[in-house]
Each structure stands twice: as structure tokens, then as C-alpha cells.
Amino acid sequence: MIIKFSDVNVDGCGTNVDVLLEISNTLTPHRAEELLNKIKFRIYTFKKINSDWSTDDVLSDVEILLKAEKLKFRWITEYMTIEF
């Protein structure tokens, strides 16, 4: 499963930061949905508690969750986007 994280309108400049994460564990559809909901809630809570957050801070917190869930994952840092 690959999850795309999009930090929208970074620093109010109108640009977005997209980061891809690949989870190598095989997840059932139910488990995948459960995990996505946990990640969304974790991000929401992190941003609410930390008013001075950065993209890196949020992704580091997500990483803590994934490790706690005993998931194998990797950040995909090199990818190409083709817009048309």
C-alpha cells in the first residue's frame, strides 16, 4: 500500500509538499481502512496540540505510529510526477 501525504499551502505560499510512504505488509481492506483512520486522527491531534508544527514533525509522528503498529515501511523520496 502506498500513502501520499500532502501538506497543502505550506507556509501560506500556495505550494504543496507531497511525500509518499510505502507499507510493505499485506493488509486486509479492513485493516488498511483502520490504519488510514488512525493516521488521519494522529495527524489531526498532532496539529491541534502543536501549533508550531512542520511537515517533518507531522511525518515523524506518523512514523512513531507505524513503528508501534509493527509495520514495515519506507519513505519514497525519488519519484516523478507527470502532469497533463
message: What verdict does the side-chain contact (heavy atoms from CB on, under 4.5 Å) test give for F5 and L20, after you've listed the backbone C-alpha separation in whole Å, the side-chain angles of each residue and the deciding distance to 0.1 Å?
response: CA-CA 6 Å; F5 294 87; L20 299 177; over 6 Å; no
Rounded to the nearest 0.5 Å, what separates atom [atom1] in [X] from atom [atom2] in [Y]?
X   : Y   : atom1 : atom2 : result
L35 : N25 : CG    : CG    : 9.5 Å
F46 : I39 : CZ    : CD1   : 14.5 Å
S60 : L65 : OG    : CG    : 13.0 Å
L36 : M1  : CG    : CE    : 5.0 Å

task: Check whether the side chains of D18 and S6 place a donor and an acceptor atom closer than 3.5 Å, and report yes or no.
output: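 Result is yes, a qualifying pair exists.
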I43-W75 co-clustered via ILVMFWY side chain contacts under 4.5 Å: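 Yes.
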field: V58-V10 co-clustered via ILVMFWY side chain contacts under 4.5 Å
entry: yes
- prompt: Which residue pairs satisfy the salt bridge (charged side-chain N to carboxylate O under 4.0 Å, His left out) criterion with at least one member in residues 19-28, sequence neighbours excluded?
  reply: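 For residues 19-28, and leaving out neighbouring residues, the salt bridge (charged side-chain N to carboxylate O under 4.0 Å, His left out) pairs sorted by first residue read E22-R74.
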message: Considering only residues two or more places apart or on different chains, which pairs with a residue in residues 50-65 satisfy salt bridge (charged side-chain N to carboxylate O under 4.0 Å, His left out)?
response: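 Qualifying pairs: R42-D61, E63-K67.
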field: Side-chain touch L71/L27, heavy atoms, less than 4.5 angstrom
entry: yes
query: Side-chain contact, heavy-atom cut-off 4.5 Å: I76 with L21?
result: no
query: R31: what forms a side chain to side chain donor-acceptor pair (under 3.5 Å) with it, not counting sequence neighbours?
result: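 Listed in chain order: E34, E69.
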message: Please give me the minimum heavy-atom distance between G14 and N9, naming the atom from each residue.
response: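 Shortest heavy-atom contact: N-OD1, 2.6 Å.
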message: Let's go through I23 and L66 carefully: what are the C-alpha distance in whole Å and the side-chain angles of both, what is the deciding distance for side-chain contact (heavy atoms from CB on, under 4.5 Å) to 0.1 Å, and is it a yes or a no?
response: CA-CA 9 Å; I23 297 175; L66 297 174; 4.3 Å; yes
